[in-house]
Amino acid sequence: MKVQINGFTMAYTDAGAGLPIVFVHGFPLNRRMWEPQVSGLANGVRTLAPDLRGHGDSPPLPGPYEMDMLASDLNDFLDALEIDEKVVLCGLSMGGYVVFAFYRQYAHRVRSLILTATRAAADTAQGKSARDAMVQRVQSAGIEPIVDEMAPKLLAPGNAAHRPELVNQAKEIMLGTTPEGMIGALKGMKSRPDSTPTLSKIETPTLVVHGAEDQIIPLQEARGMAEAITGARLEIISNAGHLLNLEQPERFNLVVSEFLESV
Ligand code: MLT
């Protein structure tokens, strides 16, 4: 499906009926990463999964894609779909950075948060240099070498070694990103603010969920966020890395369903 927002046509998936849950994908992924949630959670919930600008079937507009801009896109998206009731917002990794930005600006639209494989801190100086290096690499060599390198790191080491179909699925999804989209997101993530001060201000029920073997964002980050958010629930999924929702879809969906029932 497609909808006109903020000067561009945003692609999205809209399935089921009931409590709206907005799934925000990570980098350099797109809404296809949420397929097991769209098909597995449909009972009693409306799953909405947009492609952020520059990703999947949404157009590669010029960057940088600041997290506030991506949050404003989501706000427009909800307006365009005339969703007035409060939504559950689930963001994975970069999607989590967008969730923090959204919460700072539009907390009144949020019923509860699901912070998936993400972190509150901004990039370190070293992290910012790595973003610059990746931008240069995309400019000189395109996205394929980066996708090949990144795919196994997105999974738990055991899954990367023994589940080639998952590695290929991650690659295929990432290949849906254009060089412009990748660069826009890298620059936006590089300049994102520290969301640590936001944590103590979160007043909505929050689930922090993380893969025990995340090679991109250490589990420690999830523990720190869960401690800093009043009443947050922490769930750690074993045999899963950064793409825990794809690596352990049934367990992930169960954790999400139990959280939704509890709030
Ligand atoms: C993601 O999965 O969205 C990215 O790895 C996040 C990041 O690069 O900081």
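Atoms within a ligand are numbered from 1 in the order they appear, just like the ligands themselves. Any value given below was found using the heavy atoms of this structure, including those in side chains, with hydrogens, waters and symmetry copies removed.
- Under a 4.0 Å criterion applied to the non-hydrogen atoms of Ser93, ligand 1 contributes the atoms 1 (C), 2 (O), 3 (O), 4 (C), 5 (O), 6 (C).
- In this structure, Arg109 pairs ionically with Asp79, as a charged nitrogen and a carboxylate oxygen lie closer than 4.0 Å.
- When only interatomic distances are considered, the shortest N/O to N/O separation between Met94 and ligand 1 falls below 3.5 Å.
- A donor atom on one side chain and an acceptor atom on the other are found under 3.5 Å apart for Arg233 and Ser262.
- Every atom of ligand 1 with a heavy atom of Met189 under 4.0 Å away is listed here by number and element: 6 (C), 7 (C), 8 (O), 9 (O).
- Ligand-side atoms of ligand 1 in range of Tyr97: 6 (C), 7 (C), 9 (O), range being under 4.0 angstrom from any heavy atom.
- Side chains of Glu247 and Asn239: no donor on one and acceptor on the other come within 3.5 Å.
- Contact check on Glu221 versus Arg223 returns no salt bridge, with no Lys/Arg side-chain nitrogen under 4.0 Å from an Asp/Glu carboxylate oxygen.
- Heavy-atom contacts from other residues, nucleotides or ligands closer than 6.0 Å to NZ of Lys171 number more than 12.
- The contact set between ligand 1 and Gly26, taken as ligand atoms under 4.0 Å from a residue heavy atom, comprises 3 (O).
- When non-hydrogen atoms are compared, ligand 1 lies under 4.0 Å from the side chain of His242 (C-beta onward) but not from its backbone.
- Shown here is Gln126, whose CD atom has no more than 12 heavy atoms of other residues, nucleotides or ligands within 6.0 Å.
- Considering both main-chain and side-chain atoms, Arg192 never comes within under 3.5 Å of ligand 1 through any nitrogen or oxygen pair.
- Proximity of Arg131 to ligand 1, defined as any heavy-atom pair under 4.0 Å, is confined to the side chain (atoms from C-beta onward).
- For ligand 1, the polar-atom distance check finds an N/O of Phe27 within less than 3.5 Å of one of the ligand's N/O atoms.
- Between Lys190 and Asp123 there is no salt bridge, since none of the side-chain N atoms of the basic residue sits less than 4.0 Å from a carboxylate O of the acidic one.
- Close approach to Ile216 involves these atoms of ligand 1, each under 4.0 Å from a residue heavy atom: 5 (O).
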